[in-house]
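Structure, as C-alpha cells:
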Amino acid sequence: MKIILETKAVTKVYRAGKVDVLALRGIDLRAHQGEFVAIMGPSGCGKSTLLHILGGLTTPTSGEVWIDGVNVSALSDAARTRVRRDKIGFVFQRFNLLPTMTAQGNLEIARHIHGNGSGAMQLQSSQEVLRVLGLEHKLRSKPLEMSGGEQQRVALARAVINRPSILLADEPTGNLDSENSQLVLKMLQELNTKFTQTIILITHNPEVAAVAHRLVEMRDGRIVDRAQDVSYTAVEESFL
Amino acid sequence: MIVANILHRPMRTFVSVVAVAIQVTLVLLVVGITTWMRVDSAKRQEGIGADIMFRPPNAQLLWLTGAPMSVKFKEVLERVEGVKVAAPVLIQTTTSGGLSQIFGIDLPSYSALSGGFNYLRGGPFEEALDVLVDDLHARNNKLRVGDQIDVLNHKFRVCGIVEHGKGARVFVPLATLQDLMGAVDKTSVFYIKAKDPNETDAVVQRIKAIPELRDYSVISIKEYLSQITNATIPALNTFIDVMIFIACLIGFLVIYLSMYTTITERTREIGILKSLGASKLFIVDAILREALLLTILGILLGLGFTFLAKRVITTTLPTLSVLITTAWVVRASLLAVLAGVLGGFYPSLRAASQDPIAALSYE
C-alpha cells in the first residue's frame with residue numbers, strides 16, 4: 001500500500017510567555033493508505049499537536065510532513081488549507097458542530113466548502129449519509145437538540161462526507177458513554193474497511209486504541225513505541 | 001449559514017437593521033426635504049407670474065430680505081420699453097412658526113403680474129392690518145377668514161385665503177410692512193412683467209442699459225430658476241454632505257460593532273470552518289455576506305421608514321414635504337451598502353486571519 005502520510009523529524013516549539021516549550025521532538029511517522037493508526041500517550045505528550053500538524057492546522061518548527069506525496073510543511077497557508085479541504089477530515093472530542101445549524105446544515109457546509117455538489121444533489125447526499133448513520137430523524141435538529149453520541153455521529157458524517165483520504169480523530173470518544181463510544185468506534189472501523197480511509201486516532205484509552213491496526217505510543221514529544229498489529233496485514237491484504 | 005447566524009441573535013440583528021434603516025432614512029429625509037424646499041421655492045417664484053427680477057446689488061439668490069431699494073424705481077422701470085408692470089415687493093423673513101417669508105405687496109401691481117390671486121375664501125385687503133394667507137399656511141395653522149394672527153408682533157386679520165404658489169405664503173399690504181420695518185418707500189425687489197414674454201431678454205438688456213440702474217441685478221425669471229440648485233444655495237451642499245456623512249458613520253459603526261462582536265462570539269465556529277478547509281476568502285465572504293444581508297434588510301426598512309416619515313410630515317405640516325427621487329433612493333442604498341461592507345470588512349479580515357487551533361480551543 002502506498003504511504004499516504006509521513007512525517008520526517010518533525011519538531012514543534014511553542015512560545016509560552018518567555019519560555020520555549022518543546023512539544024514535539026523529532027517525530028517520524030508513516031501511515032499507509034487504509035491504515036488505522038492509534039496514537040496513545042498521557043496528557044501533554046504532544047499527540048494533539050502532532051494531529052494539528054498532520055492536519056495542516058499548524059506548521060512544524062522543523063521537519064517535514066508529507067500528505068499523499070505533497071510536502072505540506074513547505075506550502076503556503078492557502079495551499080495547506082486546500083490540502084486540508086481535499087485530503088483530510090477532522091473529528092474532535094468536543095464534536096465541534098456549528099451550533100446555529102442543523103445536522104443537515106453542518107453536512108452541507110462541509111460539502112459547500114469542499115465545492116462538492118450543489119442543490120438537490122447535495123441535499124440528497126447529506127440525507128443519505130445521515131440515514132446510514134441512523135440520524136435521518138435528526139436532519140433538522142440543531143446540536144443542542146441532540147445527544148453527545150448523535151452529535152459525534154454527525155461530526156463523523158461531516159468529516160467523511162467529502163471522502164477525504166485521511167481521517168484525523170482527536171479523542172473522538174472522550175465525551176461519550178461506553179455505548180456511544182462503541183458505536184463511533186464501529187463506524188470508524190467501517191469507514192476504514194469500506195472506503196480504505198486512513199485513520200489516525202488519538203486517545204489515552206487502551207480499549208479505544210485496540211480497534212486500530214497499529215498503536216503508536218508517545219511520551220514527552222517523542223514516539224516511544226510502535227506496536228505493529230497483525231490484523232492490519234489482514235486488512236491490507238483484503239484491499240488487494 | 002448566514003441566515004442561521006442572523007436569526008441566532010435576533011436582538012443584535014434588529015439593532016443592526018434599525019441602524020442601517022436610520023442611515024437610509026436620514027439621508028433620504030435630509031436630501032428630500034432640502035430638495036423639496038428648493039423646488040417649492042422655485043415653483044412659487046415662477047407662480048408669481050413675473051418675467052424679470054430687479055434686485056439690489058449683491059442680492060442673495062434665495063433669501064431676499066431687507067429694504068435697500070426705493071419704490072421710486074417703479075416709475076423708472078415701467079418707462080422701459082416692453083415693461084408691462086413693475087411690482088415692488090418688500091420681503092421680511094420671520095422665524096415665527098418656522099423660517100418663512102412675508103411679502104409686503106402692492107396688490108394691484110402684484111396681481112397684474114399673473115392675473116391676481118385665486119381667492120378660496122374671503123377677498124383682498126380692506127384694512128392696513130389685513131393679511132392674506134395661502135391655503136397650505138391656513139391649513140397648517142387652522143386659520144379661517146376673520147381670524148386674528150400675529151405678524152411681526154402685530155395683530156392682523158385674515159381677510160382672505162388664496163391658492164398657494166404665488167411667491168410667499170403670507171402677504172400684507174406693502175405700506176403696512178414698510179411702516180412696521182421702518183422702511184418707508186423702500187422695497188426688497190421688483191418683479192417685472194414684460195408686455196411680450198418672448199422679448200424678456202431684450203427688456204433685461206434695456207434695463208441694464210439705464211445708467212442709474214447699472215449696479216443693480218437684473219435677471220430673467222427663467223435664468224433665475226435655472227440658478228436655483230443645491231450647489232448655488234450657500235452651505236446647502238455642505239449641510240447635506242455632513243448629514244450624509246454622519247448617517248453613513250452610524251451605519252458603518254453599528255455594522256462594524258455588530259460584526260466584530262459576532263466574530264468574537266463565533267471564534268470557535270471560525271476554527272471549525274478552518275478545520276473543514278475553509279479558505280480565508282471563504283470566511284471573509286461569509287462575514288461580508290452577513291453584513292450585506294443586514295444592510296439590505298436595513299435598506300428595506302429604511303425605505304419604509306422614509307415613506308412613513310413623508311406621510312407623517314405632509315399630514316402634520318402641509319407647508320412641508322419630502323421629495324423622494326429614484327436617484328436618491330439608489331444613492332442612499334448604495335451608501336448604506338458601502339458603509340455596511342466597510343463595517344464588515346475589518347471583522348471579516350480579523351476572522352479570516354485567526355489561528356485555527358487557538359480558535360478551536362476558544363471557550
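FYI, side chains are in, hydrogens and waters are out, and symmetry mates aren't considered; it's all heavy atoms of this structure. Letters go in sequence order (proteins before strands), and every chain restarts at 1.
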Q: Identify which part of B:Arg268 has an atom lying under 4.5 Å from any heavy atom of chain A, answering side chain, backbone, both or neither.
A: side chain

Q.
So, taking the atom named CZ in A:Arg82 and the one named OG in B:Ser279, what distance separates them when rounded to the nearest 0.5 Å?
A. 9.0 Å

Q: Please examine the side chains of B:Leu360 and A:Leu57, heavy atoms only from C-beta on, and report whether any two atoms are closer than 4.5 Å.
A: yes

Q: Could you have a look at A:Gly55, A:Pro99, A:Gly56, A:Pro164 and say which one has the most heavy-atom pairs with chain B under 4.5 angstrom?
A: A:Pro99

Q: Working to the nearest 0.5 Å, report the span between CZ of B:Arg266 and CG of A:Leu98.
A: 10.0 Å

(Q) Could you walk me through whether A:Thr49 and B:Ile357 satisfy the side chain to side chain contact (heavy atoms under 4.5 Å, CB included) test, starting with their C-alpha distance in whole Å, then the side-chain angles of each, then the deciding distance to 0.1 Å, before giving a yes or no? (A) CA-CA 9 Å; A:Thr49 302; B:Ile357 297 172; over 6 Å; no

Q: With side chain to side chain contact (heavy atoms under 4.5 Å, CB included) as the test, would you mind laying out the steps for B:Lys280 and A:Asp77 before giving the verdict?
A: CA-CA 9 Å; B:Lys280 285 183 177 177; A:Asp77 184 50; 3.4 Å; yes

Q: Hey, could you give me the CD1/CE distance between B:Ile272 and A:Met101, rounded to the nearest 0.5 Å?
A: 11.0 Å

(Q) If I measure from the heavy atoms of chain B, does A:Leu97 come under 4.5 Å with its side chain, its backbone, both, or neither? (A) backbone

Q. Roughly how far, to the nearest 0.5 Å, is the CZ atom of A:Arg94 from the OG atom of B:Ser361?
A. 8.5 Å

Q. Is the number of heavy atoms from other residues, nucleotides or ligands under 6.0 Å of B:Arg289 CZ greater than 12?
A. no

Q: Answer yes or no: are there more than 12 heavy-atom neighbours, outside A:Tyr14 itself, under 6.0 Å from its atom OH?
A: yes

Q: Determine the option with the most heavy-atom pairs under 4.5 angstrom with chain B, choosing from A:Arg158, A:Arg80, A:Lys142.
A: A:Arg158

Q. So what's closer than 4.5 Å to chain A heavy atoms on B:Leu7: side chain, backbone, both or neither?
A. neither

(Q) Is the shortest side-chain heavy-atom distance between B:Leu276 and A:Phe90 below 4.5 Å? (A) no

